[in-house]
Q: 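First the structure, which I've put down as structure tokens, then a few questions once you've had a look.
Residue numbers start from 1 in every chain, and the chains themselves are labelled A, B, ... in the order their sequence lines are given, proteins ahead of strands. Quick caveat, the model's predicted, so the values are computed rather than measured. For the numbers below, each heavy atom of this structure counts, side chains included, while hydrogens, waters and symmetry mates do not.
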There are 2 protein chains.
Amino acid sequence: MRAGTGGRAEDRDEPSSSAGSGARRGPRPAGAATISRVAEAAGVSRATVSRVMNGSTTVKPELAARVRAAAQALDYEPSVAARSLALGRTGTISLVVPDLSNPLFQGVLRGLSQAAGKAGRQLLVAESNEDAEEETILAIEARRNSDGLVLASPRAPGERLRELSDRLAPFVLVYREVRGLAAPSLSVDNDAGINELVAHLTGLGHRHLAYLSGPSASSSHAARLAALRAAAAGTPGFTLTELPCGSMFDDGHATARPVLECGASAVVAFNDMVASGALTGLHELGVRVPGDVSVTGFDDIPFARYTTPPLTTVSIPKNELGRQAWERLWALMNGESGGYNVRFQPRLLIRDSTGPAPS
Amino acid sequence: MRAGTGGRAEDRDEPSSSAGSGARRGPRPAGAATISRVAEAAGVSRATVSRVMNGSTTVKPELAARVRAAAQALDYEPSVAARSLALGRTGTISLVVPDLSNPLFQGVLRGLSQAAGKAGRQLLVAESNEDAEEETILAIEARRNSDGLVLASPRAPGERLRELSDRLAPFVLVYREVRGLAAPSLSVDNDAGINELVAHLTGLGHRHLAYLSGPSASSSHAARLAALRAAAAGTPGFTLTELPCGSMFDDGHATARPVLECGASAVVAFNDMVASGALTGLHELGVRVPGDVSVTGFDDIPFARYTTPPLTTVSIPKNELGRQAWERLWALMNGESGGYNVRFQPRLLIRDSTGPAPS
DNA sequence: CTGAAAGCGCTAACAT
DNA sequence: ATGTTAGCGCTTTCAG
């Protein structure tokens, strides 16, 4: 217990300057001007104000000017909600990704944001935290708040996506293809990428590769692993060691020792983050790259050029995926067909983390 | 000119399977069930349906069940637009950042997205591409589509922000403080960070620092530079060389030679990206780090631990900024005061890119 | 070229 | 506990 006066203004523990300044709720200022008020002020009907605000050319210039003046004077801003309700569309599209910290998804986010922004559309973003069920819930939710959806959903079962197809349309899928899904998909040819990588490595004399596995639920991982196995099976005298790993720097870092112990002369990492982690781990273990072992990544994230040594990796068009996703979605929203699926062909970027197999 | 039959179905150049599947426009399916239809089907009034959908407990369980069944059967999904209009709020908040490829903003995006998501709010994201005027336009636009705004606006003049304050409220500012602005701000104490860095470096015997400047319009750059100058001025025998640089990898990379030529024994980079670029550039020039020159970054981006050598840097709570921004915004949206501004105190992370000054 | 009027689909008093 | 009745603010036929 504390004796004393108490209850002075200062005791309320709030800075006086900002008190009450945030009292506004909702999308519009409390006493915001409505179209009616503007119409009244300008001495015209609401319809006319609406016409002017939407740039209809059929309004007499003089009236239009009066309306604009009134709107200006009243700080009029049309209500987005009312507009959406009347128009039946929101002017917003949405993107759902599993993980915002992954450069892959940051890339499409960026591409999509810019393309949609240029078209005057707002972008809603939701992150599912790699949870397959959450992905679909969020997708539905996001879609309800927008006119169309771009979905990066590496975890959700294809079957589930097919069920939801109606509720999600119009939508486009990125980084993934789902058979029988009535939505266009923009993906990456993992097979081709892996094959280029393998060809590069075998060309350098490597016969024993270690694969640093991605998350088991990831569809990219599945595709890359399958391609690797196929390549291994097709090449006599070729050994493939699969090492459990993950998708983050730390996962790669932690897998350096197993790599060393398995005796592989080259490691194919699930992605660039894993690869750089491995690079660091190997370095700490006194292993020279590419002298003792070669290392490759996948994705070509911005950092890949700045690892030591710079990382040989497979480049995929991350931003471009976002841009094209917008175009597809836009077509769909206009009732056009979604067009053919496209599978981007990755490009092998040979830098300094790969070299001849040690004899 | 080409002779032949022409005009066959295949010539329309569209995959038949997806034709017409994207014909849906707007936020709701074409013939979507409305609350009225559900009410009719369940034999109750719309008010009752509304009550059930919003979890009002004052509905007789039996009726509630009937309503839910009807809703289910009709695939009823409430119209977000209609709800927003009636309620006066959208259930969405927005974030405006200058650059989505910057890890700093990716951090707040992530923190904000998760916090808002947990609270069942949608998140609108807009990127201004580092354009000061665009920043404010986008902010207004984003705010109109949501109930509140988080603004990372390193470029826009403080005066402009003060003018706009009413139209943007409720909003919170991140990575920046603006005097006299009636909005809470969450920022980083650049001064303190620089001072720790300088103390660390001078403790190691460095007397000549090179600063790799950030973008001149950046408020973080301004703060860091000012702190550095103050430190230099306060230390006899201390030299500070300011090298124009930028904020990206390549900028740092390109500044390696000037660094070498200026004769500094330590370089303080505007941020981690610049620092890693410099690291690589220096390495290419045969300069040893930290043997010949020490290098420091700022921000502690995920990659900083994995540069060679691992980067000594100043860590700032990027995700935390996003999380707390949500809390502030939430308070504001509930008519509470915005509370006191907070300035996060960064933490010096000493890794291996700094060492004793060469004698 | 402009105005009147009928919604868009939902919520929230206010009755009952 | 449930139904009735007004709107929320804008767009859009339809007349004139």
Q: Can you see if the side chain of B:T48 gets near the phosphate of D:dG3 - specifically, an N or O under 4.0 Å from OP1 or OP2?
A: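 So the side chain of B:T48 is within the cut-off, an N or O lying under 4.0 Å from OP1 or OP2 of D:dG3.
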Q: N/O contacts under 3.5 Å, protein versus nucleotides 6-9 of chain D?
A:
from	atom 1	to	atom 2	distance (Å)
D:dA6	N6	B:R46	NH2	3.1
D:dC8	O2	B:A86	N	3.4
D:dG9	N2	A:A82	O	3.4

Q: Starting at CZ of A:R51 and ending at P of D:dT12, how long is that distance when rounded to a whole Å?
A: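 My rounded result for the distance is 10 Å.
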Q: Identify the residue among A:E327, A:R328, A:E320 that makes a side-chain hydrogen bond (donor to acceptor under 3.5 Å, both in side chains) with A:Q324.
A: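 Per the side-chain hydrogen bond (donor to acceptor under 3.5 Å, both in side chains) rule, the option paired with A:Q324 is A:E320, out of A:E327, A:R328, A:E320.
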Q: Against A:R167, only a single residue in A:T136, A:L149, A:I140 fulfils side chain to side chain contact (heavy atoms under 4.5 Å, CB included); can you say which?
A: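 When side chain to side chain contact (heavy atoms under 4.5 Å, CB included) is applied between A:R167 and each of A:T136, A:L149, A:I140, only A:I140 qualifies.
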Q: State plainly whether the residues A:R160 and A:E133 are in salt-bridge range, i.e. N to O under 4.0 Å.
A: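 Judged by the 4.0 Å cut-off on N to carboxylate O distance, A:R160 and A:E133 do form a salt bridge.
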Q: For the pair B:R28 (side chain) and B:E77 (backbone), establish whether a donor and an acceptor sit closer than 3.5 Å, ignoring hydrogens and angles.
A: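 Answer holds: yes.
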Q: With a 4.0 Å cut-off on heavy atoms, is A:V49 in touch with a base, just the backbone sugar-phosphate, or nothing at all?
A: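 No contact.
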Q: Return yes when atom CD of B:Q72 has more than 12 non-hydrogen atoms of other residues, nucleotides or ligands closer than 6.0 Å, and no otherwise.
A: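 No, the 6.0 Å shell around CD holds no more than 12 heavy atoms from other groups.
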Q: Between the side chains of B:E62 and B:R66, is the shortest nitrogen-to-carboxylate-oxygen separation below 4.0 Å, so that they form an ion pair?
A: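 Looking at B:E62 together with B:R66, the answer is yes, because their closest N to O distance falls below 4.0 Å.
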Q: Looking at B:V150, B:L109, B:T92, which one forms a side chain to side chain contact (heavy atoms under 4.5 Å, CB included) with B:L123?
A: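 Only match with B:L123 under side chain to side chain contact (heavy atoms under 4.5 Å, CB included): B:L109.
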Q: Hey, what bend do you get for the helix from C:dC1-D:dG16 to C:dT16-D:dA1 if you fit axes on five pairs at each end, rounded to 10°?
A: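 Between the axes fitted at each end of the helix from C:dC1-D:dG16 to C:dT16-D:dA1 lies an angle of 30°.
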Q: CG of A:L124 to OG of B:S146: how many Å apart, nearest 0.5 Å?
A: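 Answer rounded to 0.5 Å: 10.0 Å.
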Q: Side-chain contact test, heavy atoms from C-beta onward, threshold under 4.5 Å: evaluate it for B:P170 versus B:R143 and give yes or no.
A: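 Contact flag for B:P170/B:R143 side chains = yes.
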Q: Are any of A:S50's side-chain N or O atoms less than 4.0 Å away from OP1 or OP2 of D:dC10?
A: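 For D:dC10, neither OP1 nor OP2 has a side-chain N or O of A:S50 closer than 4.0 Å.
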Q: Give me the first and last nucleotide of DNA chain C, going 5' to 3', that has any atom under 4.0 Å from a heavy atom of chain B.
A: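 First-to-last contact on DNA chain C, by the 4.0 Å heavy-atom rule, is C:dG9 to C:dA13.
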Q: What are the two closest heavy atoms between A:L74 and A:A41, and how far apart are they?
A: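 Closest pair (atom of A:L74, atom of A:A41, distance): CD1-CB, 4.1 Å.
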